[in-house]
Amino acid sequence: MKKILSLVLLTLVAFSTFANGQKESGKIVIGANIYSFADNFMNGVVKPELESYAASKGVDIQIVDSEGQQAKLNDQVDVFITKGVDVLAINLVDPAAAQTIINKARAAKIPLVLFNKEATEAGAMASYDKVWYVGTDSAEAGIIQGQMMVADWKANPSWDKNGDGVVQYVLLKGEPGHPDAEARTVESVKAFKDAGISVKQLALEADPNWSTQHGNDKMAAWLTSSFGKDIELVICNNDGMAFGAITAQKAAGVRLPTYGVDALAQALTHIGDNELDGTVLNDGANQARATVDLAINAAMGKNPTEGTSWVIKNDGTKAVRVAYVPVTKLNYKDFQ
Ligand code: GAL
Ligand code: CA
């Protein structure tokens, strides 16, 4: 009798270990990554909220650092699948590599929520019924930043240093090929053209890491270049690069109109100190919450937005898009 009982027990233990893979019994496990822990916004805003929100929902989230290498992420996804996670929440390193990840998830029959970097390959999202995206409307940040800059330009005639009616600008772009970087670059400048104001690009530099170091290095080089004295506006596609641009300006003893995107805590401080003219809230906390909510529903086989306030428009992108908000001297305190 004893023998039979222990055999039954053993079988039960073996079965539940098999069924749950590496996870704690009963708990949903989300296998997640951040494309690079060196990224201010992803590491400082999105990652902590993924962790705390998942904890508040009673699910287990494992977040790994892909260190800016898509090949590394591919391996990390293989490991998550082998471990038997219930759902994947993936921040692509290369937005053009979505199909690789989708194929892996589909083959393993594991639902997948992509977040922050939207797939750029046509047809990728349609190739699997259990993949969704959480992010923003990339163009929106550029439109808001552009409108903010146009209003300030009009209100400050002295910003047109050479009085030619043309905005001589430099632009820190961020990651080439990233939908956010591409759309912001086009839309912010388009806002001037739409307002009937001519612009002249003096320089533009891209950086796959969106980094402060890059912002500092480029701004410092531009300020000492042949066109250094002509710069009238510094457009930064994220705050991280704007922080570097601010440091370089301080070192050179100049203060040029400067704008960012993300509304990181440090950016709000810079606005209060009159070192930054505006930014755009990239609501990483809500993007993290939507990612976790969709992941949990998907893991339970439910409709991804069931019981939540997130909306997936019927436009084929299968995306939850969290709104951007303008942040200026007038309202920055509301975000601190
Ligand atoms: C953007 C954000 C950048 C950077 C990038 C990473 O939405 O504005 O600062 O974090 O995502 O993909
Ligand atoms: Ca000018």
Side-chain angles (χ1 to χ4, degrees), residues 33-47 49 66 68 70 73 90-98 114-120 133-142 144-145 153-154 156-170 172-185 187-188 192 197-202 206-212 214-215 227 229-233 235-244 256-257 259-264 266-267 279-288 291 321-325 327:
N33 80 307
I34 295 292
Y35 89 94
S36 166
F37 282 7
D39 181 299
N40 296 14
F41 170 69
M42 294 309 297
N43 194 55
V45 182
V46 179
K47 181 167 163 274
E49 188 65 26
S66 302
Q70 182 62 39
L73 172 57
I90 298 300
N91 181 203
L92 295 169
V93 176
D94 179 359
L114 298 171
F115 64 100
N116 169 257
K117 291 205 198 185
E118 188 161 12
T120 53
Y133 175 68
V134 174
T136 60
D137 170 356
S138 292
E140 194 185 4
I144 292 175
Q145 189 196 44
W153 176 264
K154 285 184 179 164
N156 294 281
S158 66
W159 284 11
D160 184 12
K161 291 196 295 191
N162 63 355
D164 66 351
V166 178
V167 188
Q168 276 79 13
Y169 73 91
V170 292
L172 290 164
K173 175 172 172 174
E175 181 188 342
H178 188 311
D180 289 353
E182 298 298 338
R184 289 172 193 172
T185 301
E187 297 298 336
S188 58
F192 281 100
I197 301 166
S198 303
V199 294
K200 181 167 187 231
Q201 180 184 294
L202 299 180
D207 171 28
N209 303 313
W210 303 79
S211 76
T212 298
H214 167 85
F227 58 80
K229 297 230 164 358
D230 305 333
I231 303 171
E232 295 174 339
L233 176 66
I235 306 174
C236 309
N237 281 345
N238 82 337
D239 287 344
M241 297 185 294
F243 301 157
L256 296 167
Y259 294 82
V261 173
D262 284 341
L264 299 181
Q266 187 183 334
T279 184
V280 183
L281 173 70
N282 190 358
D283 190 347
N286 271 313
Q287 290 163 47
T291 300
R321 301 190 189 277
V322 177
Y324 285 105
V325 185
V327 181

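Both counts, for ligands and for their atoms, begin at 1 and track the order of listing.
Rounded to the nearest 0.5 Å, atoms CE (M241) and CG (D207) are 7.0 Å apart. The distance from atom CG of L233 to atom OH of Y259, rounded to the nearest 0.5 Å, is 7.0 Å. Note: Y133 OH to T291 OG1 = 9.0 Å, rounded to the nearest 0.5 Å. Residue E175 holds its CD atom at 8.5 Å from CG of N209, rounded to the nearest 0.5 Å. Here D94 contributes atom CG and T120 contributes atom OG1; the two are 7.0 Å apart, rounded to the nearest 0.5 Å.
Below 4.0 Å from some heavy atom of F41 lie the following atoms of ligand 1, by number and element: 2 (C), 9 (O), 10 (O). Distances below 4.0 Å separate heavy atoms of R184 from the following atoms of ligand 1: 1 (C), 2 (C), 7 (O), 8 (O). Residue-ligand proximity, H178 to ligand 1, at heavy-atom distances under 4.0 Å covers atoms 5 (C), 6 (C), 11 (O), 12 (O). Residue-ligand proximity, D180 to ligand 1, at heavy-atom distances under 4.0 Å covers atoms 1 (C), 7 (O), 11 (O).
Residue E175 does not touch ligand 1, judged by heavy-atom distances below 4.0 Å. If you look at M241 next to ligand 1, there are no close heavy atoms at all, none under 4.0 Å.
Around atom 9 (O) of ligand 1, the closest heavy atom drawn from V46, V93, N40, D262 belongs to D262.
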Legend entry - Working for side chain to side chain donor-acceptor pair (under 3.5 Å), residues E232 and Y169: CA-CA 6 Å; E232 295 174 339; Y169 73 91; over 6 Å; no

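V166 lies close to the Ca ion (ligand 2), since one of its N, O or S atoms is found at a distance under 3.0 Å. Note on D160: counted as a metal contact of the Ca ion (ligand 2), an N/O/S atom lying under 3.0 Å.
Nearest N/O/S atom of D164 with respect to the Ca ion (ligand 2) is recorded as OD1.
In this structure, N238 contributes its side chain and V261 its backbone to no donor-acceptor pair below 3.5 Å.
Atom 11 (O) of ligand 1 has N116 ND2, 3.0 Å as its closest protein atom, hydrogens excluded (heavy atom only).
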